[in-house]
Amino acid sequence: MAVREMFAGMPWWVKWIAVPVIALVVFGGLITSLLTLVFGLLFKVLVFVALVAGLVFVVRKFMSTSTSRSDW
């Protein structure tokens, strides 16, 4: 409640421009590190999924080819 009262008398640009800019300057490195970690993990998960899907595709392709040859 005290923070709300403190910001009540401030101009709009302090609330909507100055405070977020200060927060980005202070916590910018932390935010960047967290975003890098999240996007790095997401990329690795997507690469893993693509490799597993490719492996399943190749194995099914060879299994269907070997099955059709044994029918002869």
Side-chain angles (χ1 to χ4, degrees):
M1 195 69 174
V3 175
R4 187 173 289 180
E5 293 170 1
M6 185 175 70
F7 279 116
M10 297 286 173
W12 67 269
W13 59 269
V14 172
K15 297 180 215 175
W16 299 105
I17 296 174
V19 173
V21 167
I22 292 170
L24 284 175
V25 168
V26 172
F27 297 109
L30 177 65
I31 293 169
T32 304
S33 299
L34 289 175
L35 286 176
T36 303
L37 178 69
V38 167
F39 285 121
L41 286 175
L42 181 64
F43 178 74
K44 288 180 181 180
V45 167
L46 289 174
V47 168
F48 175 75
V49 168
L51 289 174
V52 169
L55 178 66
V56 168
F57 175 77
V58 168
V59 168
R60 284 189 177 181
K61 189 78 165 171
F62 280 117
M63 292 295 286
S64 67
T65 304
S66 65
T67 304
S68 64
R69 285 183 186 166
S70 64
D71 289 342
W72 287 88

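Every heavy atom of this structure was used, including side-chain atoms; hydrogens, water molecules and symmetry mates were not.
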Taking atom CG of Leu41 and atom CG of Leu46, what is their separation to the nearest 0.5 Å?
11.0 Å
ILVMFWY network linking [X] to [Y], side-chain heavy atoms under 4.5 angstrom:
X: Leu35; Y: Leu37; value: no
X: Phe48; Y: Leu55; value: no
X: Leu30; Y: Val25; value: no
X: Val38; Y: Val45; value: no
X: Val26; Y: Ile31; value: yes

Nearest non-hydrogen partners of Lys15 and Ala8, listed with the distance:
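That closest heavy-atom pairing would be NZ-O, 4.5 Å.
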Minimum heavy-atom separation for Pro20 to Ile17, with atom names?
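Closest heavy-atom pair between Pro20 and Ile17: CD-O, 3.4 Å.
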